[in-house]
Engineer: 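The structure that follows is given in the form of C-alpha coordinates.
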Amino acid sequence: MHDIRLIRDNPEAFDAGLARRGLEPLSASILAADASLRALQTEMQASLAHRNEASKAIGQAMAKGDKDTAEALKAEVAALKTSLPEQEAAEREQLAALHDTLAALPNLPAADVPEGVDEDGNVEIARWGTPRSFDFAPQEHADFAPALGLDFETAAKMAGARFAFLKGPMARLERALGQFMIDRQTNEAGYTECAAPLLVRDEAAFGTAQLPKFREDLFQTTDGRWLISTSEMSLTNAVREEILPDADLPLRMTALTPCFRSEAGSAGRDTRGYIRQHQFWKVELVSVVRPEDADAELERKTRAAESILEALELPYRRMLLCAGDMGFAARKTYDLEVWLPGQNSYREISSCSNCGDFQARRMNTRFRREGVPAGSHHGSGHHGHGHMTKKGANEFVHTLNGSGLAVGRTLVAVLENYQQADGSVIIPDVLLPYMGGITRLTPTTN
RNA sequence: GGAGAGUUGGCUGAGUGGUCGAAAGCGUCGCACUCGAAAUGCGAAGUGCCGGCAACGGUACCGAGGGUUCGAAUCCCUCACUCUCCUCCA
(Lines give C-alpha, C1' and ligand atoms only; values in the text may rest on other atoms or scores of the structure.)
Protein backbone atom coordinates (compact mmCIF):
# COMPACT_ATOMS: atom_id res chain seq x y z
CA MET A 1 0.00 0.00 0.00
CA HIS A 2 1.37 3.33 -1.01
CA ASP A 3 1.48 6.50 1.03
CA ILE A 4 -0.63 9.05 -0.80
CA ARG A 5 1.51 11.80 0.69
CA LEU A 6 4.61 10.48 -1.01
CA ILE A 7 2.78 10.51 -4.30
CA ARG A 8 1.67 14.10 -3.70
CA ASP A 9 5.16 15.18 -2.76
CA ASN A 10 7.00 13.43 -5.55
CA PRO A 11 4.77 12.18 -8.35
CA GLU A 12 7.69 11.88 -10.76
CA ALA A 13 9.53 9.45 -8.50
CA PHE A 14 6.35 7.42 -8.08
CA ASP A 15 5.80 7.12 -11.81
CA ALA A 16 9.46 6.31 -12.34
CA GLY A 17 9.14 3.47 -9.82
CA LEU A 18 6.05 2.14 -11.57
CA ALA A 19 7.88 2.32 -14.89
CA ARG A 20 10.64 0.11 -13.49
CA ARG A 21 7.89 -2.40 -12.75
CA GLY A 22 6.69 -2.10 -16.32
CA LEU A 23 3.59 -0.08 -15.42
CA GLU A 24 2.11 3.04 -16.95
CA PRO A 25 2.37 6.34 -15.05
CA LEU A 26 -0.56 6.78 -12.67
CA SER A 27 0.30 9.74 -10.46
CA ALA A 28 -1.76 12.21 -12.49
CA SER A 29 -4.98 10.24 -12.25
CA ILE A 30 -4.34 9.33 -8.62
CA LEU A 31 -3.69 12.93 -7.65
CA ALA A 32 -6.80 14.08 -9.51
CA ALA A 33 -8.86 11.57 -7.56
CA ASP A 34 -7.13 12.64 -4.37
CA ALA A 35 -7.85 16.32 -4.98
CA SER A 36 -11.48 15.58 -5.77
CA LEU A 37 -11.83 13.50 -2.63
CA ARG A 38 -10.29 16.15 -0.41
CA ALA A 39 -12.50 18.90 -1.81
CA LEU A 40 -15.47 16.69 -1.13
CA GLN A 41 -14.30 16.00 2.40
CA THR A 42 -13.87 19.67 3.14
CA GLU A 43 -17.37 20.35 1.86
CA MET A 44 -18.85 17.46 3.81
CA GLN A 45 -17.13 18.45 7.01
CA ALA A 46 -18.50 21.97 6.70
CA SER A 47 -21.99 20.47 6.48
CA LEU A 48 -21.30 18.32 9.50
CA ALA A 49 -20.03 21.30 11.44
CA HIS A 50 -23.20 23.19 10.62
CA ARG A 51 -25.34 20.25 11.69
CA ASN A 52 -23.42 19.71 14.91
CA GLU A 53 -23.73 23.37 15.82
CA ALA A 54 -27.47 23.36 15.23
CA SER A 55 -27.94 20.08 17.06
CA LYS A 56 -26.13 21.44 20.05
CA ALA A 57 -28.34 24.53 20.03
CA ILE A 58 -31.42 22.33 19.79
CA GLY A 59 -30.27 20.41 22.82
CA GLN A 60 -29.75 23.59 24.78
CA ALA A 61 -33.11 25.00 23.75
CA MET A 62 -34.85 21.78 24.76
CA ALA A 63 -33.08 21.84 28.08
CA LYS A 64 -34.50 25.31 28.70
CA GLY A 65 -37.93 24.19 27.57
CA ASP A 66 -37.84 26.56 24.62
CA LYS A 67 -39.70 24.41 22.16
CA ASP A 68 -40.27 27.10 19.54
CA THR A 69 -36.58 27.78 19.11
CA ALA A 70 -35.86 24.08 18.97
CA GLU A 71 -38.44 23.51 16.26
CA ALA A 72 -37.16 26.47 14.27
CA LEU A 73 -33.65 25.12 14.37
CA LYS A 74 -34.81 21.66 13.36
CA ALA A 75 -36.46 23.13 10.29
CA GLU A 76 -33.28 24.98 9.44
CA VAL A 77 -31.16 21.82 9.49
CA ALA A 78 -33.77 19.76 7.68
CA ALA A 79 -32.26 20.76 4.34
CA LEU A 80 -29.18 18.80 5.26
CA LYS A 81 -31.26 15.64 5.48
CA THR A 82 -30.94 15.09 1.77
CA SER A 83 -27.64 16.75 0.95
CA LEU A 84 -25.53 15.28 3.74
CA PRO A 85 -26.20 11.58 3.00
CA GLU A 86 -25.39 12.30 -0.63
CA GLN A 87 -22.10 13.90 0.30
CA GLU A 88 -21.29 11.06 2.65
CA ALA A 89 -22.07 8.44 0.04
CA ALA A 90 -19.95 10.21 -2.56
CA GLU A 91 -17.09 10.54 -0.09
CA ARG A 92 -17.29 6.87 0.80
CA GLU A 93 -17.32 5.90 -2.85
CA GLN A 94 -14.37 8.05 -3.86
CA LEU A 95 -12.37 7.01 -0.83
CA ALA A 96 -12.97 3.33 -1.62
CA ALA A 97 -12.05 3.85 -5.28
CA LEU A 98 -8.79 5.54 -4.37
CA HIS A 99 -8.04 2.84 -1.81
CA ASP A 100 -8.70 0.11 -4.38
CA THR A 101 -6.44 1.79 -6.90
CA LEU A 102 -3.59 2.09 -4.42
CA ALA A 103 -4.12 -1.44 -3.08
CA ALA A 104 -3.69 -2.92 -6.55
CA LEU A 105 -0.29 -1.34 -7.15
CA PRO A 106 2.93 -3.20 -6.38
CA ASN A 107 5.66 -1.92 -4.12
CA LEU A 108 8.26 0.31 -5.72
CA PRO A 109 11.75 -1.17 -6.24
CA ALA A 110 14.60 -0.02 -4.02
CA ALA A 111 17.31 2.14 -5.58
CA ASP A 112 19.85 -0.70 -5.75
CA VAL A 113 17.51 -3.07 -7.56
CA PRO A 114 18.66 -3.66 -11.14
CA GLU A 115 16.55 -2.79 -14.15
CA GLY A 116 14.90 -5.60 -16.04
CA VAL A 117 11.56 -6.94 -17.13
CA ASP A 118 11.88 -10.64 -16.31
CA GLU A 119 14.24 -13.21 -14.85
CA ASP A 120 16.81 -12.52 -17.53
CA GLY A 121 17.45 -9.20 -15.80
CA ASN A 122 18.38 -10.81 -12.49
CA VAL A 123 21.96 -10.40 -11.33
CA GLU A 124 24.07 -13.15 -9.87
CA ILE A 125 25.61 -11.87 -6.65
CA ALA A 126 27.47 -14.88 -5.34
CA ARG A 127 28.01 -18.56 -5.86
CA TRP A 128 28.76 -21.14 -3.18
CA GLY A 129 30.01 -24.69 -3.54
CA THR A 130 31.21 -26.67 -6.48
CA PRO A 131 28.76 -28.91 -8.30
CA ARG A 132 29.82 -32.48 -7.78
CA SER A 133 31.30 -34.31 -10.70
CA PHE A 134 29.56 -37.59 -11.43
CA ASP A 135 31.12 -40.71 -12.90
CA PHE A 136 27.70 -41.59 -14.25
CA ALA A 137 24.93 -39.55 -15.84
CA PRO A 138 22.98 -37.94 -12.97
CA GLN A 139 19.25 -38.56 -13.15
CA GLU A 140 16.36 -36.20 -12.55
CA HIS A 141 14.66 -36.97 -9.25
CA ALA A 142 11.37 -37.59 -11.05
CA ASP A 143 13.06 -40.55 -12.74
CA PHE A 144 14.76 -42.29 -9.83
CA ALA A 145 12.92 -41.06 -6.71
CA PRO A 146 9.70 -43.07 -7.28
CA ALA A 147 11.73 -46.20 -6.56
CA LEU A 148 12.78 -44.59 -3.28
CA GLY A 149 9.25 -43.85 -2.05
CA LEU A 150 8.30 -40.56 -3.74
CA ASP A 151 5.02 -41.69 -5.25
CA PHE A 152 2.99 -39.42 -7.51
CA GLU A 153 0.58 -42.05 -8.79
CA THR A 154 -0.83 -42.95 -5.39
CA ALA A 155 -1.39 -39.27 -4.62
CA ALA A 156 -3.08 -38.72 -7.97
CA LYS A 157 -5.66 -41.39 -7.16
CA MET A 158 -6.97 -39.44 -4.21
CA ALA A 159 -5.96 -35.86 -4.93
CA GLY A 160 -5.06 -35.42 -8.58
CA ALA A 161 -2.01 -33.92 -10.16
CA ARG A 162 0.62 -31.92 -8.30
CA PHE A 163 0.41 -33.99 -5.13
CA ALA A 164 2.77 -36.62 -3.84
CA PHE A 165 2.57 -39.56 -1.46
CA LEU A 166 5.83 -40.19 0.42
CA LYS A 167 6.55 -43.59 1.88
CA GLY A 168 9.02 -45.01 4.36
CA PRO A 169 12.49 -43.44 4.57
CA MET A 170 11.52 -40.86 1.93
CA ALA A 171 8.79 -39.48 4.19
CA ARG A 172 11.23 -39.58 7.06
CA LEU A 173 13.82 -37.68 5.06
CA GLU A 174 11.41 -34.89 4.25
CA ARG A 175 10.42 -34.66 7.91
CA ALA A 176 14.09 -34.67 8.89
CA LEU A 177 14.75 -31.75 6.57
CA GLY A 178 11.95 -29.72 8.08
CA GLN A 179 13.06 -30.50 11.64
CA PHE A 180 16.66 -29.72 10.84
CA MET A 181 15.81 -26.39 9.28
CA ILE A 182 13.55 -25.11 11.99
CA ASP A 183 15.94 -26.26 14.71
CA ARG A 184 18.70 -24.40 12.98
CA GLN A 185 16.72 -21.18 12.50
CA THR A 186 15.52 -21.33 16.07
CA ASN A 187 18.74 -22.28 17.81
CA GLU A 188 21.30 -20.49 15.69
CA ALA A 189 19.64 -17.71 13.70
CA GLY A 190 17.63 -16.33 16.60
CA TYR A 191 14.14 -16.83 15.25
CA THR A 192 11.24 -17.67 17.55
CA GLU A 193 9.46 -20.87 16.59
CA CYS A 194 5.76 -20.34 15.98
CA ALA A 195 2.86 -22.64 15.20
CA ALA A 196 0.25 -20.58 13.40
CA PRO A 197 -3.10 -20.99 11.66
CA LEU A 198 -3.03 -22.48 8.16
CA LEU A 199 -6.35 -20.83 7.33
CA VAL A 200 -6.69 -17.06 7.43
CA ARG A 201 -9.31 -14.42 6.82
CA ASP A 202 -9.55 -11.84 4.03
CA GLU A 203 -7.96 -9.09 6.10
CA ALA A 204 -4.85 -11.15 6.73
CA ALA A 205 -4.52 -12.09 3.08
CA PHE A 206 -4.90 -8.42 2.22
CA GLY A 207 -2.29 -7.46 4.78
CA THR A 208 0.48 -9.46 3.17
CA ALA A 209 -0.90 -8.55 -0.28
CA GLN A 210 -2.06 -11.92 -1.60
CA LEU A 211 -5.39 -10.10 -1.89
CA PRO A 212 -6.93 -8.44 -3.77
CA LYS A 213 -4.80 -9.16 -6.84
CA PHE A 214 -3.82 -12.80 -6.51
CA ARG A 215 -6.89 -14.58 -5.24
CA GLU A 216 -6.68 -17.07 -8.09
CA ASP A 217 -3.40 -18.35 -6.67
CA LEU A 218 -5.01 -19.32 -3.38
CA PHE A 219 -7.34 -22.07 -2.26
CA GLN A 220 -10.44 -20.91 -0.41
CA THR A 221 -12.48 -22.85 2.12
CA THR A 222 -16.24 -23.12 1.97
CA ASP A 223 -16.57 -20.68 4.87
CA GLY A 224 -14.57 -18.03 3.03
CA ARG A 225 -11.16 -18.46 4.61
CA TRP A 226 -7.94 -18.86 2.65
CA LEU A 227 -5.41 -21.65 2.90
CA ILE A 228 -2.04 -20.03 3.39
CA SER A 229 0.21 -20.09 0.35
CA THR A 230 3.11 -19.35 2.70
CA SER A 231 3.28 -18.96 6.47
CA GLU A 232 4.47 -15.44 5.79
CA MET A 233 0.71 -14.80 5.83
CA SER A 234 0.27 -16.16 9.34
CA LEU A 235 3.51 -14.86 10.82
CA THR A 236 3.48 -11.34 9.43
CA ASN A 237 -0.15 -10.85 10.37
CA ALA A 238 0.68 -11.73 13.96
CA VAL A 239 1.41 -8.03 14.40
CA ARG A 240 -1.47 -6.62 12.38
CA GLU A 241 -3.16 -3.60 13.96
CA GLU A 242 -0.53 -3.45 16.69
CA ILE A 243 1.50 -0.57 18.02
CA LEU A 244 4.64 -2.38 19.11
CA PRO A 245 6.94 -1.20 21.87
CA ASP A 246 10.27 -0.07 20.48
CA ALA A 247 12.03 -2.56 22.72
CA ASP A 248 10.24 -5.50 21.06
CA LEU A 249 12.00 -4.85 17.76
CA PRO A 250 13.41 -6.59 15.87
CA LEU A 251 10.88 -9.40 15.96
CA ARG A 252 11.99 -12.62 14.27
CA MET A 253 9.49 -15.44 13.77
CA THR A 254 9.78 -18.79 12.06
CA ALA A 255 7.36 -21.62 11.38
CA LEU A 256 7.42 -24.98 9.66
CA THR A 257 4.10 -25.29 7.86
CA PRO A 258 2.46 -26.74 4.81
CA CYS A 259 1.74 -24.23 2.06
CA PHE A 260 -1.06 -24.48 -0.47
CA ARG A 261 -0.97 -22.99 -3.94
CA SER A 262 -3.46 -23.42 -6.72
CA GLU A 263 -0.70 -22.90 -9.32
CA ALA A 264 -3.23 -21.30 -11.61
CA GLY A 265 -1.44 -19.96 -14.64
CA SER A 266 1.43 -22.40 -14.39
CA ALA A 267 -0.18 -25.10 -16.47
CA GLY A 268 2.49 -27.12 -18.22
CA ARG A 269 5.34 -25.84 -16.04
CA ASP A 270 7.20 -28.36 -13.90
CA THR A 271 4.49 -30.93 -14.34
CA ARG A 272 6.92 -33.74 -13.66
CA GLY A 273 8.46 -34.26 -10.28
CA TYR A 274 8.26 -32.59 -6.91
CA ILE A 275 9.25 -29.04 -7.84
CA ARG A 276 5.83 -27.47 -8.19
CA GLN A 277 3.11 -28.95 -5.98
CA HIS A 278 -0.26 -27.78 -4.69
CA GLN A 279 0.96 -28.58 -1.19
CA PHE A 280 4.47 -28.37 0.21
CA TRP A 281 6.29 -27.80 3.47
CA LYS A 282 8.31 -24.68 4.06
CA VAL A 283 10.21 -23.04 6.87
CA GLU A 284 9.41 -19.36 6.76
CA LEU A 285 11.46 -16.53 8.26
CA VAL A 286 9.65 -13.29 9.05
CA SER A 287 11.17 -10.16 10.53
CA VAL A 288 9.51 -7.02 11.84
CA VAL A 289 12.05 -4.24 12.22
CA ARG A 290 12.66 -0.53 12.53
CA PRO A 291 12.97 1.16 9.12
CA GLU A 292 16.66 1.88 9.52
CA ASP A 293 17.39 -1.79 10.25
CA ALA A 294 15.61 -3.30 7.25
CA ASP A 295 18.53 -3.36 4.81
CA ALA A 296 20.83 -5.14 7.25
CA GLU A 297 18.03 -7.52 8.19
CA LEU A 298 17.62 -8.62 4.58
CA GLU A 299 21.30 -9.60 4.46
CA ARG A 300 21.00 -11.36 7.80
CA LYS A 301 17.92 -13.25 6.72
CA THR A 302 19.45 -14.30 3.43
CA ARG A 303 22.48 -15.60 5.30
CA ALA A 304 20.18 -17.59 7.59
CA ALA A 305 18.68 -19.26 4.53
CA GLU A 306 22.05 -19.81 2.88
CA SER A 307 23.44 -21.44 6.00
CA ILE A 308 20.98 -24.30 5.55
CA LEU A 309 22.21 -24.98 2.03
CA GLU A 310 25.80 -24.81 3.23
CA ALA A 311 25.14 -27.20 6.09
CA LEU A 312 23.61 -29.61 3.59
CA GLU A 313 26.55 -28.98 1.27
CA LEU A 314 24.28 -28.07 -1.60
CA PRO A 315 25.83 -25.70 -4.18
CA TYR A 316 23.80 -22.57 -4.76
CA ARG A 317 23.94 -19.07 -6.11
CA ARG A 318 22.44 -15.85 -4.81
CA MET A 319 20.49 -13.79 -7.31
CA LEU A 320 19.42 -10.18 -6.92
CA LEU A 321 16.06 -9.93 -8.63
CA CYS A 322 15.50 -7.16 -11.13
CA ALA A 323 12.62 -4.71 -10.82
CA GLY A 324 10.39 -6.60 -13.23
CA ASP A 325 10.81 -10.02 -11.61
CA MET A 326 10.12 -9.15 -7.99
CA GLY A 327 7.00 -10.14 -6.12
CA PHE A 328 4.19 -7.65 -5.60
CA ALA A 329 5.03 -6.61 -2.04
CA ALA A 330 8.81 -6.55 -2.31
CA ARG A 331 11.11 -3.59 -2.71
CA LYS A 332 14.20 -5.77 -2.88
CA THR A 333 14.53 -9.53 -3.20
CA TYR A 334 17.29 -12.10 -3.20
CA ASP A 335 16.51 -15.51 -4.64
CA LEU A 336 18.63 -18.48 -3.69
CA GLU A 337 18.96 -21.05 -6.43
CA VAL A 338 20.18 -24.54 -5.66
CA TRP A 339 22.13 -26.68 -8.06
CA LEU A 340 20.15 -29.60 -9.47
CA PRO A 341 22.49 -31.96 -11.33
CA GLY A 342 19.61 -33.95 -12.79
CA GLN A 343 18.32 -30.81 -14.47
CA ASN A 344 21.80 -29.41 -14.98
CA SER A 345 20.59 -26.03 -13.71
CA TYR A 346 20.05 -23.81 -10.70
CA ARG A 347 16.48 -23.71 -9.40
CA GLU A 348 14.85 -21.33 -6.93
CA ILE A 349 14.73 -22.73 -3.40
CA SER A 350 14.38 -19.58 -1.33
CA SER A 351 13.24 -16.01 -1.80
CA CYS A 352 14.11 -13.33 0.74
CA SER A 353 12.41 -9.97 0.47
CA ASN A 354 12.41 -6.61 2.13
CA CYS A 355 8.88 -5.24 1.89
CA GLY A 356 9.59 -1.91 3.55
CA ASP A 357 6.43 -0.43 5.05
CA PHE A 358 4.27 -1.79 2.22
CA GLN A 359 2.68 -4.58 4.27
CA ALA A 360 2.78 -2.58 7.50
CA ARG A 361 0.52 0.02 5.94
CA ARG A 362 -1.90 -2.67 4.83
CA MET A 363 -1.89 -4.24 8.28
CA ASN A 364 -1.65 -0.95 10.17
CA THR A 365 1.33 -2.18 12.17
CA ARG A 366 3.32 0.54 13.86
CA PHE A 367 5.81 0.99 16.65
CA ARG A 368 6.37 3.75 19.14
CA ARG A 369 9.93 4.92 18.93
CA GLU A 370 11.66 5.47 22.26
CA GLY A 371 12.59 9.06 22.92
CA VAL A 372 16.21 10.07 22.92
CA PRO A 373 17.49 12.25 25.75
CA ALA A 374 17.02 15.84 24.70
CA GLY A 375 20.33 17.55 24.10
CA SER A 376 22.13 14.29 23.51
CA HIS A 377 23.09 15.58 20.10
CA HIS A 378 24.66 18.69 21.54
CA GLY A 379 26.66 17.08 24.23
CA SER A 380 26.87 19.74 26.89
CA GLY A 381 25.67 22.69 28.80
CA HIS A 382 22.03 22.58 27.96
CA HIS A 383 19.93 21.72 30.96
CA GLY A 384 16.45 22.31 32.23
CA HIS A 385 15.02 19.76 29.84
CA GLY A 386 18.15 17.72 30.19
CA HIS A 387 16.47 14.56 31.44
CA MET A 388 13.35 14.80 29.38
CA THR A 389 12.83 12.12 26.80
CA LYS A 390 10.71 12.82 23.80
CA LYS A 391 8.40 10.05 22.73
CA GLY A 392 8.41 9.82 18.99
CA ALA A 393 5.30 9.54 16.88
CA ASN A 394 4.06 6.13 15.84
CA GLU A 395 5.83 4.91 12.75
CA PHE A 396 5.13 2.02 10.43
CA VAL A 397 7.40 -0.96 10.93
CA HIS A 398 9.21 -2.59 8.05
CA THR A 399 8.59 -6.26 7.31
CA LEU A 400 10.74 -8.90 5.68
CA ASN A 401 10.16 -12.49 4.78
CA GLY A 402 12.15 -15.34 3.36
CA SER A 403 12.13 -19.08 3.00
CA GLY A 404 14.58 -20.89 5.11
CA LEU A 405 14.00 -23.13 3.07
CA ALA A 406 11.29 -24.64 0.91
CA VAL A 407 11.40 -28.21 2.24
CA GLY A 408 10.06 -29.99 -0.84
CA ARG A 409 12.57 -28.44 -3.16
CA THR A 410 15.33 -29.09 -0.67
CA LEU A 411 14.32 -32.75 -0.74
CA VAL A 412 14.67 -32.67 -4.51
CA ALA A 413 18.09 -31.07 -4.19
CA VAL A 414 19.28 -33.66 -1.69
CA LEU A 415 18.02 -36.49 -3.86
CA GLU A 416 19.69 -35.21 -7.01
CA ASN A 417 22.97 -34.11 -5.42
CA TYR A 418 23.42 -37.19 -3.24
CA GLN A 419 22.30 -39.78 -5.80
CA GLN A 420 24.53 -42.77 -6.46
CA ALA A 421 25.11 -44.86 -9.56
CA ASP A 422 22.98 -47.69 -8.17
CA GLY A 423 19.97 -45.41 -7.71
CA SER A 424 20.40 -45.00 -3.96
CA VAL A 425 20.78 -41.70 -2.12
CA ILE A 426 23.19 -41.03 0.72
CA ILE A 427 21.78 -39.04 3.63
CA PRO A 428 23.71 -35.79 4.30
CA ASP A 429 25.61 -35.88 7.57
CA VAL A 430 23.70 -33.10 9.31
CA LEU A 431 20.44 -35.00 8.83
CA LEU A 432 21.65 -38.24 10.38
CA PRO A 433 20.55 -37.28 13.92
CA TYR A 434 17.02 -36.99 12.54
CA MET A 435 17.01 -40.23 10.55
CA GLY A 436 16.87 -42.87 13.28
CA GLY A 437 19.80 -44.84 11.93
CA ILE A 438 18.92 -44.62 8.26
CA THR A 439 22.00 -43.59 6.30
CA ARG A 440 20.88 -44.23 2.76
CA LEU A 441 17.71 -44.48 0.68
CA THR A 442 17.78 -47.70 -1.29
CA PRO A 443 15.60 -48.46 -4.32
CA THR A 444 13.01 -51.17 -4.05
CA THR A 445 11.48 -53.02 -6.95
CA ASN A 446 7.79 -53.51 -6.41
C1' G B 1 -24.59 -27.28 17.09
C1' G B 2 -27.87 -25.07 21.51
C1' A B 3 -28.48 -21.12 25.55
C1' G B 4 -26.67 -16.82 27.80
C1' A B 5 -23.16 -12.58 28.99
C1' G B 6 -19.81 -9.24 27.11
C1' U B 7 -16.37 -5.84 23.72
C1' U B 8 -15.40 1.84 26.29
C1' G B 9 -8.67 5.67 26.10
C1' G B 10 -1.74 2.20 28.05
C1' C B 11 -4.63 -0.98 31.94
C1' U B 12 -9.06 -1.51 35.33
C1' G B 13 -13.77 0.45 34.92
C1' A B 14 -18.49 4.15 35.10
C1' G B 15 -21.74 6.02 31.51
C1' U B 16 -28.69 9.26 31.43
C1' G B 17 -30.30 9.80 23.13
C1' G B 18 -28.39 16.30 23.79
C1' U B 19 -21.22 20.92 25.69
C1' C B 20 -19.19 12.75 26.23
C1' G B 21 -13.38 12.54 23.48
C1' A B 22 -15.96 10.36 27.30
C1' A B 23 -16.15 9.93 35.16
C1' A B 24 -12.96 7.55 38.51
C1' G B 25 -8.75 4.62 39.86
C1' C B 26 -4.02 2.65 38.37
C1' G B 27 0.06 3.36 35.38
C1' U B 28 3.00 7.14 32.32
C1' C B 29 5.32 12.06 31.76
C1' G B 30 6.51 17.11 33.70
C1' C B 31 6.94 20.52 37.88
C1' A B 32 7.32 21.39 43.26
C1' C B 33 9.19 19.47 47.91
C1' U B 34 14.11 16.28 48.90
C1' C B 35 21.31 15.69 49.22
C1' G B 36 18.79 11.66 46.41
C1' A B 37 14.59 8.45 46.52
C1' A B 38 9.83 7.16 48.51
C1' A B 39 5.49 9.53 50.01
C1' U B 40 2.72 13.94 49.01
C1' G B 41 0.91 18.15 46.13
C1' C B 42 0.14 20.58 41.36
C1' G B 43 -0.13 19.87 36.23
C1' A B 44 0.08 17.26 31.34
C1' A B 45 -1.21 13.50 28.20
C1' G B 46 -5.24 9.48 22.52
C1' U B 47 -5.38 8.45 17.07
C1' G B 48 -6.67 9.33 11.88
C1' C B 49 -8.32 12.79 8.30
C1' C B 50 -9.46 17.95 6.16
C1' G B 51 -8.03 23.25 5.99
C1' G B 52 -3.78 26.51 7.40
C1' C B 53 3.31 28.75 6.53
C1' A B 54 1.99 28.50 11.53
C1' A B 55 -0.68 29.42 15.98
C1' C B 56 -4.87 26.96 15.40
C1' G B 57 -9.69 25.52 13.57
C1' G B 58 -12.92 21.65 11.75
C1' U B 59 -14.25 16.50 11.43
C1' A B 60 -14.31 11.35 12.60
C1' C B 61 -13.20 7.43 16.01
C1' C B 62 -16.35 4.04 22.68
C1' G B 63 -15.09 -4.14 18.56
C1' A B 64 -16.36 -3.58 12.67
C1' G B 65 -20.07 -2.12 9.12
C1' G B 66 -24.96 -0.36 8.13
C1' G B 67 -29.65 2.08 9.97
C1' U B 68 -33.21 5.31 13.01
C1' U B 69 -32.79 10.66 14.70
C1' C B 70 -32.03 17.64 14.21
C1' G B 71 -28.49 14.88 17.39
C1' A B 72 -26.12 7.89 18.98
C1' A B 73 -20.86 5.23 23.30
C1' U B 74 -26.24 5.10 24.58
C1' C B 75 -31.88 2.63 20.26
C1' C B 76 -32.27 -1.14 15.82
C1' C B 77 -29.87 -4.69 12.17
C1' U B 78 -25.62 -7.55 10.29
C1' C B 79 -20.77 -9.36 11.21
C1' A B 80 -16.19 -10.45 14.08
C1' C B 81 -14.14 -11.65 18.60
C1' U B 82 -14.10 -12.96 24.04
C1' C B 83 -16.26 -15.51 28.28
C1' U B 84 -19.84 -19.09 30.86
C1' C B 85 -23.05 -23.46 30.63
C1' C B 86 -24.83 -27.62 27.61
C1' U B 87 -23.85 -30.84 23.36
C1' C B 88 -20.13 -32.98 20.28
C1' C B 89 -15.10 -34.18 19.38
C1' A B 90 -8.92 -35.36 18.45
Side-chain angles (χ1 to χ4, degrees), chain A residues 1-9 31 33-99 102 195 197-207 221-226 237-238 240-248 357 360-375 382-397:
Chain A
M1 194 65 139
H2 293 283
D3 183 359
I4 186 72
R5 276 170 295 198
L6 290 182
I7 304 175
R8 280 179 207 149
D9 293 346
L31 290 180
D34 178 49
S36 165
L37 171 64
R38 287 200 284 170
L40 191 57
Q41 285 177 326
T42 303
E43 196 183 319
M44 180 189 77
Q45 291 187 357
S47 299
L48 285 168
H50 181 207
R51 185 203 68 187
N52 289 348
E53 204 179 336
S55 293
K56 191 179 286 183
I58 291 169
Q60 285 166 346
M62 303 259 291
K64 280 188 267 180
D66 186 353
K67 287 213 165 154
D68 292 345
T69 305
E71 289 306 318
L73 284 164
K74 280 193 193 184
E76 184 194 324
V77 199
L80 288 172
K81 275 213 88 170
T82 53
S83 65
L84 193 52
E86 284 170 16
Q87 288 178 321
E88 285 175 330
E91 193 264 355
R92 210 180 297 167
E93 201 175 301
Q94 290 193 20
L95 185 64
L98 184 57
H99 178 269
L102 292 176
L198 305 180
L199 271 52
V200 300
R201 250 204 274 278
D202 286 2
E203 300 90 299
F206 179 85
T221 60
T222 53
D223 69 354
R225 285 175 235 265
W226 305 92
N237 277 287
R240 64 175 297 106
E241 288 161 42
E242 296 278 341
I243 299 176
L244 302 164
D246 201 17
D248 284 7
D357 65 6
R361 288 179 182 282
R362 290 171 163 255
M363 301 188 301
N364 199 22
T365 304
R366 292 160 296 169
F367 75 106
R368 184 171 286 277
R369 198 182 280 282
E370 282 301 321
V372 291
H382 189 61
H383 57 280
H385 298 295
H387 298 294
M388 192 177 77
T389 58
K390 193 169 57 181
K391 288 269 170 107
N394 296 333
E395 290 178 50
F396 287 109
V397 297

Engineer: What integer distance in Å separates I58(A):CD1 from U19(B):P?
Structural biologist: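 Checked: the CD1 to P distance equals 13 Å.
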
Engineer: Quick one: does M363(A)'s side chain get under 4.5 Å of N237(A)'s, heavy atoms only?
Structural biologist: yes

Engineer: Taking the nucleotide of RNA chain B with the nearest heavy atom to each, does K56(A) or A46(A) sit closer to the 5' end?
Structural biologist: K56(A)

Engineer: Of the candidate nucleotides U19(B), C81(B), C49(B), which contains the atom at the shortest distance from the side chain of Q45(A)?
Structural biologist: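 That would be C49(B).
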
Engineer: Starting the side chain at C-beta, find the nucleotide from U47(B), C49(B), G71(B) nearest to R51(A).
Structural biologist: G71(B)

Engineer: Considering only U59(B), G71(B), G51(B), which nucleotide approaches the side chain of R38(A) most closely?
Structural biologist: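 Selected nucleotide: G51(B).
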
Engineer: From C49(B), G58(B), C70(B), pick the nucleotide closest to the side chain of A49(A)?
Structural biologist: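 It is G58(B).
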
Engineer: Rounded to the nearest Å, what distance is computed from the CD atom of residue E241(A) to the P atom of nucleotide G48(B)?
Structural biologist: 15 Å

Engineer: Grab the NE2-P distance between H50(A) and G71(B) for me, whole Å please.
Structural biologist: 13 Å

Engineer: What does G65(B) pair with, Watson-Crick or G-U, if both distances are under 3.5 Å?
Structural biologist: C77(B)

Engineer: Would you please confirm or rule out a distance under 4.0 Å between OP1 or OP2 of G65(B) and any side-chain N or O of R92(A)?
Structural biologist: no

Engineer: Any strand counts, and the cut-off is 3.5 Å on both contacts for Watson-Crick or G-U wobble. Which nucleotide pairs with A90(B)?
Structural biologist: none

Engineer: What is the distance, rounded to the nearest whole Å, between atom CD of E203(A) and atom C1' of A80(B)?
Structural biologist: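 Distance check: E203(A) CD to A80(B) C1' gives 8 Å.
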
Engineer: What is the distance, to the nearest angstrom, from the CG atom on L48(A) to the P atom on C49(B)?
Structural biologist: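 Nearest whole value for this atom pair: 18 Å.
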
Engineer: Any strand counts, and the cut-off is 3.5 Å on both contacts for Watson-Crick or G-U wobble. Which nucleotide pairs with C83(B)?
Structural biologist: G4(B)

Engineer: Taking pairing as Watson-Crick or G-U wobble with both contacts under 3.5 Å, can you name the mate of G57(B), or confirm there isn't one?
Structural biologist: C50(B)

Engineer: Taking the side chain of Q41(A) as heavy atoms from C-beta outward, which of C70(B), A60(B), C49(B) is closest to it?
Structural biologist: C49(B)

Engineer: Rounding to the closest angstrom, what is the interatomic distance between G21(B) and A72(B) at atom P?
Structural biologist: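 Taking atom P in both G21(B) and A72(B), they lie 11 Å apart.
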
Engineer: With both distances under 3.5 angstrom, what nucleotide forms a Watson-Crick or G-U wobble pair with G43(B)?
Structural biologist: C29(B)

Engineer: Send over the distance from R361(A) CZ to U47(B) P, rounded to a whole Å.
Structural biologist: 17 Å

Engineer: Distance check needed: A64(B) P versus N364(A) CG, whole Å only.
Structural biologist: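 Those two atoms, CG and P, are 13 Å apart.
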
Engineer: What's the closest nucleotide to the R5(A) side chain, out of U47(B), C49(B), A60(B)?
Structural biologist: C49(B)

Engineer: Both distances under 3.5 Å, Watson-Crick or G-U wobble: report the partner of A37(B), or none.
Structural biologist: none

Engineer: If you only use heavy atoms from C-beta on, which nucleotide in A80(B), U59(B), G51(B) is closest to the side chain of R201(A)?
Structural biologist: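 Among the listed nucleotides, the one closest to the side chain of R201(A) is A80(B).
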
